[in-house]
Amino acid sequence: MSETIAAISTAIGESGIGIVRISGNDAFKVGYKIFKGAKVQKEEDIDNRKLTYGHIVDGEKIIDEVLIAFMKGPYTYTREDMVEIYCHGGIISVRNVLNLILRSGAGLAEPGEFTKRAFLNGRLDLAQAEAVIDIINSKTNKSMEVSLNQLGGTLSAKIKEIRDILFDMMAHVEVSIDFSDEDLDVSSIQDLEDKALIVKEKISSLLSTADRGKILRDGLKTVILGKPNVGKSSLLNALLRENRAIVTDIPGTTRDIIEEYINIDGIPLKIIDTAGIRDTSDLVEKIGVDKARLMVEDADLIIAIFDISRKLTEEDMEILDLISDKNTIVLLNKVDLSQAFDEDYFKNHIKNKEIISTSISNGLGIDKIEKTIKEMFYSGEVEVKSDIVVNNIRHKNQLEKAYNDIESFIEDIKNNVPIDCLDVDLKNCWRNLGEISGETISEDILDKIFSEFCIGK
Ligand SMILES: Nc1nc2c(ncn2[C@@H]2O[C@H](COP(=O)(O)OP(=O)(O)OP(=O)(O)O)[C@@H](O)[C@H]2O)c(=O)[nH]1
Ligand SMILES: [Mg+2]
């Protein structure tokens, strides 16, 4: 762990300043070697945690004019000695400074390595470390709020609370196994079952936030569906209020899926425009159409568009089929044109769907669509409370495993399974929860988690 690492921590591009970070045992040594400032004549002059003005130099050659901060561990992000150099922004300055640092004895940091060290040195637990990446990847204010909360340790505290109960139960069971001539008495068994039910309830309440967490993280996955030329891309543009997708009167204009993020009064949507559903011999278009059909499967919401200026076709019927058991808003579009569409027949074929008449190219009905989306998902109540929301898929998976473990424990108690067999489920449950905060976790999983970080974090 003692290797000293360095990386550029700001985005590469033209900007006011760019930051290069160094962390590890030799961080001060490397920083001192390449820095020249009036106030730092010898190594002892380094002022801990103070910004110092000077130059980064390669021998006699000035690389950049900078501010530098030397920060002594353990009160740093990684808990190691750290140096941060504030160079001019832009590509050349930060690269040259980093290269000089690498030539002076530091190694290039891997993605997420600073945060990984913060975790391994006990500054953050795993759920908090993952919150860091979620904050960086946040696409909405709500998602940012939730992740910030998690960074503060709210989820970890909840997990610890559950694991403490499990630990108690495990101790109880183990004592009984050790003194196996004494079987657990009835009241002890009742006590174990009561505690297990509490654990189950607590896990399930965390799990129930996961769907909302997914929406906060990724946005409500909203798929715009319809046969060619009904106005799907026009709708995407109208909701985005910009000309993002190509709109023409040629059927088959959109051939790939187009994803964009929008925010309707705080509800984040990931909105997906698709290729119009039809049978086609064009290979590229066909791939697009197949993708569109696939998109339907895990959509949170579908906006299905029908063109009332044309007769209902087989393609429209296929779309009705695709949406039959889905959360859908149905749009009858092009109401500005004369109607060729059999509305009664159509309405007989769909049940329990919200139907809105629109003229998308004239901006008619867009506000109604937005209002309906709001109503459908928060019953008019847009305020999302963001105390604890599970917004990380790995955490959700671990919670599901733990839930199954505790359920099977409860089942076993009911079936009078011998005491030494009860232990296994409890331990699994405890371990699976521990993998959320990182108390029990393997090296491979750690590597995988941190490899998803960006360099320099
Ligand atoms: N009259 C009228 N035309 C519309 C309306 N909405 C969209 N259009 C027109 O319909 C044509 C097709 O619109 P698009 O948004 O490209 O349709 P699409 O469903 O994305 O089509 P594909 O990408 O080919 O599947 C364009 O010429 C639009 O200007 C409307 O409400 N009224
Ligand atoms: Mg289109």
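Just so you know, ligand 1 is whichever comes first in the structure, and atom 1 is the first atom listed for that ligand.
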Heavy-atom proximity to atom 11 (C) of ligand 1 ranks first, among Thr248, Val247, Ile258, Asp336, for Thr248
Checking heavy atoms under 4.0 Å, the part of Leu337 that sits near ligand 1 is side chain
- Parallel, tilted or perpendicular for Phe346 and Phe306, by the 30°/60° rule? perpendicular
Among Lys232, Lys334, Arg278, the residue with a heavy atom nearest to atom 9 (C) of ligand 1 is Lys334
Of Pro251, Ala238, Ser361, the one whose closest heavy atom lies nearest atom 30 (C) of ligand 1 is Ser361
Requested in this report: Please confirm whether Ala275 comes within less than 3.5 Å of ligand 1 when only nitrogen or oxygen atoms on both sides are compared.
Outcome: no
Here the atoms of ligand 1 under 4.0 Å from any heavy atom belonging to Ile250 are 24 (O)
Is any N, O or S atom of Thr254 under 2.8 Å away from the Mg ion (ligand 2)? yes
Taking atom types as modelled and ignoring hydrogens, do the side chains of Ser233 and Thr254 form a donor-acceptor contact shorter than 3.5 angstrom? yes
Is it the case that over 12 heavy atoms from other parts of the model lie below 6.0 angstrom from the CD atom of Glu242?
yes
* Asked: Hey, does the Lys NZ or Arg CZ of Arg21 hover above the aromatic six-ring of Phe114, less than 6.0 Å from the centre and inside 45° of the axis?
  -> yes
Scanning both residues in full, the closest heavy-atom pair of Thr274 with Ile224 reads OG1-O, 2.7 Å
**OP:** Please find out if the Mg ion (ligand 2) and some N, O or S atom of Ser233 are separated by less than 2.8 Å.
**Re:** yes
